[in-house]
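First the structure, in the form of structure tokens, and then the observations on it.
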Amino acid sequence: MDFASTLGVSASGMDAQSQRLRVIAENLANQDTTGSTPGADPYRRKTITFSEALNDETGASEVGVERIGRDERDFETRFDPSHPAANAQGYVKIANVASMVEMTDMREAERSYTANLNTMQTTRTMLSRTLDLLK
């Protein structure tokens with residue numbers, strides 16, 4: 001594998017992880033979002049799925065985002081009869097976002113992003129040293 005394809009693989013990993021962080025940020029920002037009418041559904045947690053893609057130009061396997069989906073788990077309810085989205089029994093559906101899960105995913109995405117960045121920096125250093133030898 002040459003340096004250019006190594007940089008491309010690392011860049012695709014960084015791009016995928018930055019998209020993952022965006023989805024996590026959306027989930028955390030909306031974790032307290034409820035419906036606005038009685039019985040309305042609240043914010044539904046987003047999920048991200050990665051896929052492997054072969055770069056025809058370099059022959060390297062790169063990562064990409066296959067799709068951004070929705071977590072179909074049931075909503076929990078909270079008793080709050082004064083809320084505008086409360087049903088006839090006084091229960092409000094709350095978003096299916098667990099901040100602990102999102103924070104764990106965020107740390108994992110950060111580690112993966114950092115690993116790809118370190119690979120890119122190491123590749124750049126190796127390329128620079130090779131060019132220095134050729135001077």
Side-chain angles (χ1 to χ4, degrees):
M1 190 179 288
D2 62 83
F3 290 126
S5 61
T6 303
L7 292 172
V9 170
S10 293
S12 73
M14 291 169 63
D15 181 57
Q17 294 305 326
S18 66
Q19 289 183 56
R20 182 180 183 190
L21 283 171
R22 182 184 54 83
V23 168
I24 292 167
E26 287 179 27
N27 289 339
L28 287 170
N30 288 292
Q31 71 181 351
D32 294 323
T33 304
T34 61
S36 56
T37 58
D41 285 346
Y43 175 81
R44 187 171 290 278
R45 179 178 181 260
K46 290 183 179 179
T47 60
I48 190 165
T49 305
F50 297 120
S51 64
E52 178 185 3
L54 182 65
N55 184 326
D56 294 330
E57 200 174 290
T58 62
S61 282
E62 296 180 354
V63 66
V65 174
E66 183 174 320
R67 71 182 197 89
I68 296 176
R70 302 271 182 198
D71 185 343
E72 295 300 326
R73 287 182 299 136
D74 290 336
F75 298 114
E76 292 184 24
T77 57
R78 177 181 63 218
F79 185 72
D80 186 358
S82 65
H83 195 282
N87 63 15
Q89 293 79 29
Y91 287 94
V92 178
K93 294 179 186 176
I94 57 174
N96 60 351
V97 176
S99 58
M100 188 63 75
V101 170
E102 299 302 324
M103 297 300 287
T104 302
D105 285 351
M106 183 172 40
R107 286 188 180 259
E108 186 180 327
E110 178 188 17
R111 285 189 197 108
S112 184
Y113 187 94
T114 301
N116 281 296
L117 182 61
N118 288 340
T119 301
M120 191 176 271
Q121 289 172 331
T122 300
T123 303
R124 192 184 80 170
T125 300
M126 290 172 64
L127 181 59
S128 177
R129 287 181 182 168
T130 301
L131 291 174
D132 287 345
L133 286 173
L134 296 175
K135 287 183 183 180

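Below, each value reflects all heavy atoms present in this structure, side chains not excepted, and no hydrogens, waters or symmetry copies. Quick caveat, the model's predicted, so the values are computed rather than measured.
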Let's go through T6 and T119 carefully: what are the C-alpha distance in whole Å and the side-chain angles of both, what is the deciding distance for side-chain contact (heavy atoms from CB on, under 4.5 Å) to 0.1 Å, and is it a yes or a no? CA-CA 8 Å; T6 303; T119 301; 4.3 Å; yes
Q. Does the side-chain contact (heavy atoms from CB on, under 4.5 Å) test come out yes or no for L28 and M103, once each step is laid out?
A. CA-CA 9 Å; L28 287 170; M103 297 300 287; 4.1 Å; yes
For a side-chain contact (heavy atoms from CB on, under 4.5 Å) check, start with the C-alpha distance between K46 and D71, then their side-chain angles and the critical distance, and finish with the verdict. CA-CA 6 Å; K46 290 183 179 179; D71 185 343; over 6 Å; no
What verdict does the side chain to side chain donor-acceptor pair (under 3.5 Å) test give for T130 and D132, after you've listed the backbone C-alpha separation in whole Å, the side-chain angles of each residue and the deciding distance to 0.1 Å?
CA-CA 5 Å; T130 301; D132 287 345; over 6 Å; no
(message) For I94 and T77: C-alpha separation, side-chain torsions, deciding distance, then whether side-chain contact (heavy atoms from CB on, under 4.5 Å) applies.
(response) CA-CA 6 Å; I94 57 174; T77 57; over 6 Å; no
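For the atom pair CD (Q17) and CD1 (I48), the distance works out to 8.0 Å, reported to the nearest 0.5 Å. A distance of 12.5 Å separates OG1 in T122 from CG in L127, rounded to the nearest 0.5 Å. A distance of 10.5 Å separates CZ of R70 from CZ of R67, quoted to the nearest 0.5 Å. To the nearest 0.5 Å, atom CG of residue L21 and atom CE of residue M14 are 11.0 Å apart. Taking CZ of R124 as the reference point, atom CG of L7 lies at 10.0 Å (rounded to 0.5 Å). Separation of atoms CE (M120) and CG (N116) is listed at 7.5 Å; rounding is to 0.5 Å.
For the pair R44/E72, a side-chain contact is recorded, criterion being any heavy-atom separation below 4.5 Å from C-beta on. E52 places none of its side-chain heavy atoms less than 4.5 Å from the side chain of V63. Looking only at side-chain heavy atoms (C-beta outward), I68 and V23 come within less than 4.5 Å of each other.
More than 12 heavy atoms of other shown residues, nucleotides or ligands fall within 6.0 angstrom of atom CD in Q121.
Minimum heavy-atom separation, P38 to A86: CB-O, 3.4 Å. A pairwise comparison of heavy atoms in T33 and A95 identifies O-CB, 3.9 Å as the closest pair. Contact record, P42 with T34: CB-CA, 3.6 Å, taken as the closest heavy-atom pair. Closest approach of G35 and A40 over heavy atoms only: CA-CB, 3.8 Å.
Electrostatic pairing of K93 and D41 counts as a salt bridge here, judged by a charged N lying under 4.0 Å from a carboxylate O. A salt bridge between R45 and D105 is present, with a side-chain N of the basic residue lying under 4.0 Å from a carboxylate O of the acidic one.
Every residue two or more places apart in sequence or in another chain was checked for a side-chain hydrogen bond (donor to acceptor under 3.5 Å, both in side chains) with N96, and none qualifies. Residues satisfying the side-chain contact (heavy atoms from CB on, under 4.5 Å) criterion with N55, sequence neighbours excluded, are E57, T58, E62. Residues satisfying the side-chain contact (heavy atoms from CB on, under 4.5 Å) test with E108, not counting sequence neighbours, are R20. Taking the side-chain contact (heavy atoms from CB on, under 4.5 Å) definition, one finds that D56 meets it with L54, sequence neighbours left out.
Listed by first then second residue, pairs satisfying ring-ring contact (aromatic ring centres under 6.0 Å, His included) with a partner in residues 98-118 number zero, not counting sequence neighbours. Residue pairs that meet the ring-ring contact (aromatic ring centres under 6.0 Å, His included) test with at least one member in residues 38-84, sequence neighbours left out, are F79-Y91.
With 3.5 Å as the limit, one finds a donor-acceptor pair spanning the side chains of D15 and Q19.
Counting only distance, with no hydrogens or angles, the side chain of N87 and the backbone of G39 share no donor-acceptor pair below 3.5 Å. A distance-only check finds no donor-acceptor pair linking the side chain of S112 to the backbone of A109 [under 3.5 Å].
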